[in-house]
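Data first, discussion second: the structure below is written as structure tokens.
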There are 2 protein chains.
Amino acid sequence: MASPDQPPPQAAHHELRTARNSAGYLLEALELLHKVNPRITLLDVGAGSGSISATLARELQPDGRVIATDVNPDILERARTVAEAAGVTNIDFQQADVLGRLPFDDATFDVTHCHQVLTHLPHPVDALREMLRVTKPGGIVAAREGDLETECVWPELPGMVKFHALTANFIKLAGGTSKAGRQLLSWALQVGSGVHRDQITPSFGTWCYYDSTERKIWAQAMVDQLRIGRLREIGLAAGLGTEDDLEEMATAWEEWSESDEAILGMMHGEILIRKK
Amino acid sequence: MASPDQPPPQAAHHELRTARNSAGYLLEALELLHKVNPRITLLDVGAGSGSISATLARELQPDGRVIATDVNPDILERARTVAEAAGVTNIDFQQADVLGRLPFDDATFDVTHCHQVLTHLPHPVDALREMLRVTKPGGIVAAREGDLETECVWPELPGMVKFHALTANFIKLAGGTSKAGRQLLSWALQVGSGVHRDQITPSFGTWCYYDSTERKIWAQAMVDQLRIGRLREIGLAAGLGTEDDLEEMATAWEEWSESDEAILGMMHGEILIRKK
């Protein structure tokens, strides 16, 4: 990746995410827990460049604390910069891999949260179980996962339709699923660990991008993925598309970003699990 | 249809809709207009059995008023019963067809609203233009339309996948589109009538059904459509499926409604147009 002073070129759109626009389903329950315990702790698993972590930390000021983790230590340097730029100091950073065992004792955190993590994992139920393990009784596990098959783009340029197929295949190639959002309830019911249906609250939320600034950030990130990024490298190697296909997709994103009628939406599954 | 004392058997799920769960994107703007003018009027176009109309009327009590219209006078009798059951009296009912000319003068209403109407129309831009005509300057046109292609069901029983294709083809057969939600912004920009981009606020919202009561209401309505309804009649006549196909779909809905891991979501496009 580039310097932590800049968003990663292929993932600048991730930093459009905030607690309000991407963890709204959690905020009411979080506020209640925070009132009861001002020194609340929240573990953010797979925090990436941390714009959600930092804005969650802001919700927990002054005495609550966020611990932001990611499997990639480089991206956590960017997350540190994002938090500093947001003026947030009640946050720590630690490398951790939810695919294995999280480096925390049982019942450590009041809230354990992830966003767009389980969709990439071959064993999402194991990850949810591990998140539950490190959560205190009475606490909450919260997960929000895109359901890529609900991605909704207008105008529907042929290159955009091809791009959708490429990204769905890319996720599947790594053992993930393009239909994570709709499966969260089912995964939560498979966790075991004493979790029953009445402890689970599912919902759906959306992203919606249409103004010219957001369109440009989003489209540029997609273009970077297609022209210089891992999506290109792996997609070409795996035969998910040709160089010409990828260039058609990149050009389509550029055309989309220039259009006043352009809009992009995606539905996300959301789940709160109250640990007993 | 059956008696107005009961929800229409094939559309009982429509009455799960309320102002809060299906017109939330409008409520803040509506409250502001209502504060300025307590005698606000709202036209609801294509109100169907009117559960959204009645709950919008409740938001406008005591002196605001809703005029609920539908092309089908029978369904308005049910809407009258729904409003009475909700204890709402600031509402009137009138047969009207937004496909032609609405029977109202220019600039009559403070707010003109529709929900799941434009998706069924061959000329949605004309309908939006007609809604704008009857709205006062300074008022609002509000539309919320499903984007059926974002429908998200789990578990994904084969009969459910077939049902999705059947309903999408059914909408297209009547000249509608299964991708209305994502096109609202584009349609609004085509209205003309002096509407510019900065008067338009798009968003996406969702439906989410998963508890056992909602699952049963939803599934029963689908089963009725497949076994006794217009969907069956027209679907069979148009060759959209065989009797065996339809029965497989009905059985799948019954199985889905019994499953604790069952969930259904759909993304809706939403738009507010501020008339100048």
Side-chain angles (χ1 to χ4, degrees), chain A residues 21 24-25 125 144-157 160-161 164 177-191 195-212 214-215 256 259-271, chain B residues 21 24-25 125 144-157 160-161 164 177-191 195-212 214-215 256 259-271:
Chain A
N21 71 24
Y25 71 103
V125 175
R144 186 172 193 258
E145 297 294 330
D147 200 287
L148 186 62
E149 296 306 331
T150 69
E151 191 184 56
C152 186
V153 173
W154 196 265
E156 272 195 316
L157 305 169
M160 305 292 270
V161 177
H164 173 84
T177 168
S178 60
K179 295 181 176 177
R182 72 192 71 183
Q183 292 183 73
L184 280 177
L185 171 58
S186 169
W187 291 343
L189 287 167
Q190 293 170 53
V191 161
V195 172
H196 292 100
R197 180 67 185 76
D198 61 4
Q199 294 164 249
I200 306 171
T201 307
S203 54
F204 284 108
T206 62
W207 277 339
C208 177
Y209 296 117
Y210 55 85
D211 81 23
S212 64
E214 291 170 340
R215 287 197 316 258
W256 177 86
S259 166
D260 259 356
E261 61 170 347
I263 193 161
L264 178 141
M266 189 160 85
M267 192 152 66
H268 291 63
E270 301 162 339
I271 207 154
Chain B
N21 71 24
Y25 71 104
V125 175
R144 186 172 192 260
E145 298 293 330
D147 199 288
L148 185 62
E149 297 305 333
T150 69
E151 191 183 55
C152 185
V153 173
W154 195 265
E156 272 195 317
L157 305 168
M160 306 291 271
V161 177
H164 173 83
T177 168
S178 60
K179 296 180 176 177
R182 71 192 73 182
Q183 292 182 72
L184 280 176
L185 171 57
S186 167
W187 291 343
L189 287 168
Q190 293 169 52
V191 160
V195 173
H196 291 101
R197 182 64 186 78
D198 61 3
Q199 294 164 250
I200 306 170
T201 308
S203 55
F204 284 107
T206 60
W207 276 339
C208 177
Y209 296 117
Y210 56 85
D211 80 25
S212 65
E214 291 171 340
R215 288 198 313 257
W256 177 85
S259 167
D260 260 357
E261 61 171 347
I263 193 161
L264 177 140
M266 188 160 85
M267 193 154 65
H268 291 64
E270 301 163 336
I271 206 154

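- Interface residue B:Ala262: only backbone heavy atoms are found under 4.5 Å from chain A.
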A:Thr201/B:Tyr210 under side-chain contact (heavy atoms from CB on, under 4.5 Å): CA gap, chis, key distance, verdict: CA-CA 9 Å; A:Thr201 307; B:Tyr210 56 85; 4.2 Å; yes
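- The candidate from A:Gly265, A:Pro202, A:Gly205 with the greatest count of non-hydrogen atom pairs under 4.5 Å with chain B is A:Pro202.
- The backbone N or O of B:His196 lies less than 3.5 Å from a partner atom in the side chain of B:Gln199, making a donor-acceptor pair.
- One finds a salt bridge joining B:Asp147 and B:Arg182 here, because a Lys/Arg side-chain nitrogen approaches an Asp/Glu carboxylate oxygen to under 4.0 Å.
- If you measure heavy-atom distances from B:Trp207 to chain A, the contacts under 4.5 Å come from the backbone alone.
- Salt bridge absent: A:Lys179 and A:Glu149 never bring a charged side-chain N and a carboxylate O closer than 4.0 Å.
- Taking A:Leu264, A:Asp211, A:Thr206 one by one and counting their heavy-atom pairs under 4.5 Å with chain B, the maximum is reached by A:Thr206.
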